[in-house]
Structures are given as structure tokens and as C-alpha cells.
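Worksheet for the structure shown next.
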Amino acid sequence: MKKSKQTKGLKGLSLTIKWALASSLFIFVVFTVFAIITYKSSINLFVDKERKNAEQTTNEAVSRLANANRTLNLVETYRNLTNSNNGENSIYDRTSTIEGILMDIDPFISDLGQPAVSLYVYNLDEELVFKTQKDDLPLEQTTLKKPTIMNVKGETGFITVKPIQSKDTREIIGYVQTFYELTSLDEIKQRLLITLFILEIISFVLSSFLGYLLSAYFLKPLKVLRDTMEEIRKDPQSNIHMPELHTSDELADVAEIFNEMLDRMRSYIEQQEQFVEDVSHELRTPVAVIEGHLRLLDRWGKNDPEILEESLSASMQEISRMKVLVQEMLDLSRAEQVDVHYANESSKAKEVVHQVFNNFKMLYPDFLFTLDDDLAQEKTVRIYRNHFEQILVIIMDNAVKYSTDRKEVHVTVSSSQKMLEIAIQDFGEGISEEDKAKIFNRFYRVDKARARTKGGNGLGLAISQKLIENYKGTIRVESILHQGTIFRIGLPIDTHETKR
Ligand code: ADP
């Protein structure tokens with residue numbers, strides 16, 4: 001039956017690791033998206049800039065060559081290309097600084113000097129008349145106005161083709177073709193990728209590490225809770241409590257709730273142990289009495305009819321006491337489960353009170369019973385009929401049992417809006433202030449010696465109180481020693497039923 005497992009380790013990853021992993025995964029995804037966007041927009045920016053450069057160089061060449069003669073040849077082309085003054089619409093901003101003038105650098109020419117830029121000029125017959133690079137390049141198309149990415153001899157770059165329109169005649173006299181090699185594109189792509197990759201790795205490692213540290217810090221109290229629970233599991237008898245966490249968060253709440261549960265559980269266990277102890281104590285006396293009588297009979301008593309008779313009747317008496325005790329203990333334990341089994345039961349107040357009252361009147365003719373019934377009409381109370389009767393019988397029985405000279409019991413029934421109130425008054429021995437607090441405890445009897453003669457086990461009031469509390473009612477006692485006692489019971493009225 002023993003199900004307890006030995007020290008339970010974690011079955012999976014610890015919360016700290018899970019949290020660290022989740023946070024770094026999240027950061028990884030976010031960073032990857034960010035890296036892709038950065039990569040794409042950087043490359044686009046670079047390509048756009050290069051495209052503009054390609055277009056600019058082509059336009060400048062076309063504009064300079066517009067001054068050329070009808071027949072384009074090498075000399076003519078060279079003269080026009082290098083003579084920027086002819087290009088009135090030059091978009092190149094010639095430097096006017098002293099250094100610039102001294103060096104006399106034409107930015108267009110210096111552009112052409114770059115190995116990545118190739119310029120080709122063709123005459124009307126599409127024959128190559130001028131080139132800035134060693135290799136020839138046939139005219140792609142006669143018009144390719146926008147720079148277009150193409151692969152030329154294994155190199156990627158922008159090809160632009162524009163016709164040269166003579167300034168004077170407005171006729172087309174040849175074509176300019178430029179090839180703008182995107183040499184650094186692959187390099188930039190590679191560098192960007194490596195940088196982003198390194199950054200991504202760093203962010204992943206850092207976020208995992210930080211996530212781990214943070215979760216370890218925040219979940220530290222959880223570990224304390226777990227360890228304490230483990231200790232309690234190993235030794236349930238111990239008096240260990242959850243330490244106070246001082247974090248005023250959910251975990252502190254958990255610790256507080258756990259401590260409350262622990263206290264309640266320990267008090268239940270204590271009650272249970274006390275109960276078993278009380279029961280065995282209560283049963284010990286009748287068992288000892290019966291044993292004594294049986295031994296007596298066994299030794300010699302059985303031969304004496306008088307002793308035999310006396311012992312048998314005493315034993316029978318003890319056995320019926322034990323029967324009552326067992327029944328009462330059963331009633332007490334059942335009273336605890338009222339809310340589970342009898343939650344929807346109800347009974348008629350007037351009917352039950354009158355019936356119990358009449359029974360007592362019949363059973364104890366030497367007593368004066370009075371019933372003051374203030375209920376104008378029948379009321380339904382939310383309690384199972386047998387339990388209602390049981391409570392009334394216990395209290396009325398006590399009233400009779402603990403009456404002295406004045407054998408009178410007064411019963412009053414009245415009602416407020418939500419509660420039925422019953423008062424049962426006797427004029428007997430009364431209860432001292434000190435005992436008032438204890439009479440509802442199990443097995444408590446004010447006068448133990450006399451109680452045996454009166455047959456009480458000290459369970460009646462405990463049963464009544466448990467039942468009444470479980471039906472959400474109230475029970476109070478008012479008493480003056482040697483003058484008498486009033487028990488006041490309140491039971492909830494079923495308002496829906498009563499209105500019908
Ligand atoms: P018992 O079976 O002994 O009557 P109860 O639980 O009914 O057990 O009562 C507990 C104790 O409370 C009794 O032993 C008695 O001392 C005291 N008691 C209960 N009712 C009265 C009463 N009406 N007048 C005086 N004492 C009472």
C-alpha cells in the first residue's frame with residue numbers, strides 16, 4: 001500500500017533552464033528577423049547607390065559626346081570625353097579648391113580610371129571606337145536606358161546603354177555603353193553576414209546567460225519552497241514551516257497558503273490522534289468491567305446464582321453503554337460529512353419540534369414541558385429531518401438529565417427573516433463559565449463520576465454542534481450555575497420553499 005517514492009529528483013528540465021532557453025530563443029528569433037531586415041536594406045541601399053553612379057557616369061559620357069562630329073572615331077571621342085567644358089550640362093561638380101585646381105582632376109575622368117568602371121563608345125554601325133578597358137565588349141542592345149544587372153565575363157555589374165544624340169543635328173551618332181562592376185557587393189554581403197552572425201551568437205549566449213541568472217534569482221524562493229516540502233514529506237511529524245519569503249508576490253502567497261494548509265492538516269492529525277486516544281480510553285472502562293465480571297464468573301461466581309445474575313446484568317449494562325458509545329461515535333463522524341450527503345435536504349420546523357416535544361412529554365410524565373410556538377405558519381428549514389430531530393433530542397435529553405428539583409423544560413420557537421430560532425430552557429444544575437467553553441468538546445463531561453450514572457458519553461453536544469455548523473446554523477449556551485441553562489439553536493430557513 002505504501003506508495004511513497006524515494007527522493008524525487010526533477011523529471012525534466014528545471015524551470016530555470018526552461019526560462020533561460022525560452023528567453024534566449026525569443027531573443028534569437030527577434031534578432032534573426034532584425035538581422036534579415038538589416039541585411040536586406042543595407043544591400044538594397046548599396047546597390048541603389050551604385051546604380052545611381054552607373055547612371056551618372058553614362059549620362060555624363062552621353063552629354064560630353066553630344067558635341068562630337070557626325071562620325072565618331074577614337075580621337076574625336078577621346079577629345080570630347082576629356083574636354084569637360086564642352087559638356088555644359090555636366091552634373092559633376094568641378095572642384096574649385098586650390099588643391100583641386102592644382103591637381104586638375106576631372107571627377108568624371110577619375111571615375112573612368114577606376115578598374116570597376118568600363119566605358120565603351122560605338123559608332124552608328126555599332127563598331128567599338130573607344131574603350132577604357134583592355135577587353136572589348138560588344139554592344140548589348142541599342143537602348144538599355146536604366147542600369148541593368150548582368151553578368152559579363154564572369155563579373156556581375158550594371159550595364160547601361162544610351163544613344164548619343166548630336167547637339168547640333170539632333171541625330172543619333174553612336175552609343176555609349178557602361179559596365180559598372182559590383183565588385184564589392186559580394187564582399188559586403190559576406191562581411192555583413194559574418195558580422196550579423198557573430199552578433200547573433202553573442203546575443204544568444206548573453207541572453208541565455210542573463211535569462212539563466214534572472215530566472216535563478218526569481219525562482220530561488222521556489223527552490224526554498226521545494227526543499228521545505230521535501231523535508232516535510234520525509235518527516236511529516238516535524239514542526240517545519242515554510243520560511244517567510246519577504247517577496248510579496250505569488251510565491252510568498254503560495255508559502256503562506258501552504259503554511260495554513262500545513263497547520264490545518266497537522267491539527268486534523270492531532271484531532272484524529274486525540275480521538276483515537278479518547279475512544280480507547282472511553283472503551284477501556286466498560287471492557288475492564290466486563291472482563292472483571294467474566295473472570296469472577298470463571299473462577300467461582302458461576303456456581304453462585306446470585307453472583308451470576310448480578311455479573312450478567314452488569315455486563316449487559318456495560319455492553320449497551322458500549323453500543324451507545326459506538327453509535328454516537330459513528331454519528332459524530334457522519335456529522336462531518338453532512339455537506340456532502342445532505343446538502344439539499346429540508347424539513348418542516350413546526351412538525352418536527354411538535355413531534356419531539358410530544359415524545360418527551362410522553363416519556364417523562366413527571367416533567368412539566370411547555371412549548372411557546374411563535375410561528376404563524378409552517379417554515380421549511382434547510383436540514384435533514386433525522387438530523388433536526390437528533391439535535392432536539394440531544395438538547396432536550398440533556399435538559400431532562402441535568403434538571404434537579406425543578407422538573408421543568410421550556411421550549412420556544414420563533415423565526416427571523418432567515419433563521420429559525422429554538423430555545424430550550426431547563427432549571428437544573430447549570431454550567432459554570434469555565435465549563436461553558438468546553439461542553440462542546442468531544443467526550444467532555446462536567447462531572448465525570450456522575451456522568452457514568454447518568455449514562456452520558458460527552459458526545460451529544462459535539463454531535464449537535466458539528467451538525468448545526470455544517471448546516472450553516474448556530475448554537476449558543478446561556479447558563480447560570482445551580483439555576484439553569486438555555487440552549488439557543490439557529491437554523492437557516494429555506495426562503496424559496498416557505499414562499500411557495
Ligand atoms: P453527555 O452525554 O454527557 O450529556 P453532552 O455532550 O450532551 O454529553 O454534554 C456534555 C456535558 O455538558 C455534560 O456532561 C454536562 O456536564 C454538560 N451539560 C449539557 N447540557 C447541560 C444542561 N442542560 N445543563 C447542565 N449541564 C449540561
Side-chain angles (χ1 to χ4, degrees), residues 271 274-275 277-279 281-286 317-318 320-336 353 356-357 359-361 363-364 366-371 386-412 421-470 473-490:
Q271 274 180 33
Q274 185 64 41
F275 186 69
E277 208 173 286
D278 289 347
V279 168
H281 183 258
E282 291 300 318
L283 286 174
R284 202 173 297 143
T285 321
Q317 209 180 334
E318 286 306 320
S320 26
R321 268 178 56 76
M322 274 165 75
K323 246 171 83 181
V324 173
L325 179 64
V326 169
Q327 183 57 47
E328 281 186 343
M329 282 185 323
L330 252 177
D331 286 344
L332 182 64
S333 111
R334 280 180 189 149
E336 315 256 356
V353 174
V356 174
F357 178 81
N359 287 350
F360 268 83
K361 242 170 110 171
L363 274 169
Y364 302 97
D366 52 334
F367 267 79
L368 172 69
F369 289 99
T370 60
L371 174 60
N386 287 6
H387 287 156
F388 191 10
E389 281 176 18
Q390 193 176 10
I391 294 164
L392 290 178
V393 168
I394 288 170
I395 312 280
M396 297 270 288
D397 209 33
N398 280 349
V400 170
K401 233 168 24 181
Y402 302 105
S403 281
T404 42
D405 305 332
R406 194 169 157 190
K407 293 179 183 303
E408 259 177 63
V409 177
H410 293 181
V411 181
T412 320
E421 277 146 25
I422 304 165
I424 295 165
Q425 181 177 20
D426 66 67
F427 304 89
E429 60 191 50
I431 307 161
S432 71
E433 269 315 305
E434 196 196 336
D435 287 326
K436 257 192 233 169
K438 299 180 192 161
I439 52 167
F440 293 102
N441 293 350
R442 281 182 321 225
F443 299 110
Y444 186 80
R445 283 155 299 193
V446 174
D447 186 342
K448 297 225 176 215
R450 260 185 51 204
R452 263 189 85 71
T453 57
K454 294 195 178 184
N457 291 313
L459 284 175
L461 286 181
I463 295 171
S464 305
Q465 191 191 38
K466 222 0 51 100
L467 283 174
I468 291 171
E469 274 176 3
N470 283 338
T474 53
I475 179 163
R476 280 182 296 123
V477 60
E478 294 162 19
S479 185
I480 298 171
L481 203 57
H482 308 306
Q483 288 196 18
T485 309
I486 308 177
F487 278 94
R488 293 189 190 278
I489 301 166

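Atom set for the values below is all heavy atoms of this structure, side chains included, hydrogens, waters and symmetry mates excluded. Here the structure is a predicted model, which means the values were calculated and not measured. Whatever order the structure lists them in is the order used to number ligands and atoms, beginning at 1.
By the 4.0 Å heavy-atom criterion, Glu328 is excluded from the residues contacting ligand 1. Residue Gly428 places no heavy atom under 4.0 Å from ligand 1.
The option from Phe427, Tyr444, Tyr402 that lies nearest to atom 27 (C) of ligand 1, judged by heavy atoms, is Tyr402. The closest heavy-atom contact to atom 24 (N) of ligand 1, among the options Asp397, Thr485, Asn457, comes from Thr485.
Between the side chain of Asp426 and the backbone N or O of Tyr402, no donor-acceptor pair lies under 3.5 Å.
Atoms of ligand 1 lying under 4.0 Å from at least one heavy atom of Lys401, given by number and element, are 1 (P), 2 (O), 4 (O). When each atom of ligand 1 is checked for a heavy atom of Leu459 under 4.0 Å away, the hits are 6 (O), 8 (O). Under a 4.0 Å criterion applied to the non-hydrogen atoms of Arg445, ligand 1 contributes the atoms 3 (O), 14 (O).
Side-chain contact between Tyr364 and Asp397: present, with at least one pair of heavy atoms (C-beta onward) separated by less than 4.5 Å. At least one side-chain heavy atom of Gln274 sits less than 4.5 Å from a side-chain heavy atom of Arg442. Looking at Phe443 and Met329, their side chains come closer than 4.5 Å, going by heavy atoms from C-beta outward.
Contact annotation for Ile431 and ligand 1: only side-chain heavy atoms (C-beta onward) come within less than 4.0 Å of the ligand. At a 4.0 Å heavy-atom cut-off, ligand 1 does not touch Ile395 at all. Residue contacts with ligand 1, taken as heavy atom pairs separated by less than 4.0 Å, involve Phe487 solely via side-chain atoms from C-beta onward.
Geometrically, ligand 1 and Gly430 share no nitrogen or oxygen pair separated by less than 3.5 Å. Ligand 1 has no nitrogen or oxygen under 3.5 angstrom from a nitrogen or oxygen of Glu429. By the 3.5 Å distance cut-off applied to N or O atoms, Leu461 is counted among the residues near ligand 1.
His387 meets the ring-ring contact (aromatic ring centres under 6.0 Å, His included) test with Tyr342, Tyr384, Tyr471; sequence neighbours excluded.
At a threshold of 4.0 Å, the pair Lys466-Glu328 does not count as salt-bridged, since none of the basic side-chain nitrogens sits closer than that to a carboxylate oxygen.
Remark: the Gln390 side chain and the Asn386 side chain contain no N/O donor-acceptor pair separated by less than 3.5 Å.
The line from CD1 of Ile424 to CG of Asn398 is 9.5 Å long, rounded to the nearest 0.5 Å.
Looking at every heavy atom in both residues, Asn441 comes nearest to Ala437 through OD1-O, 4.5 Å.
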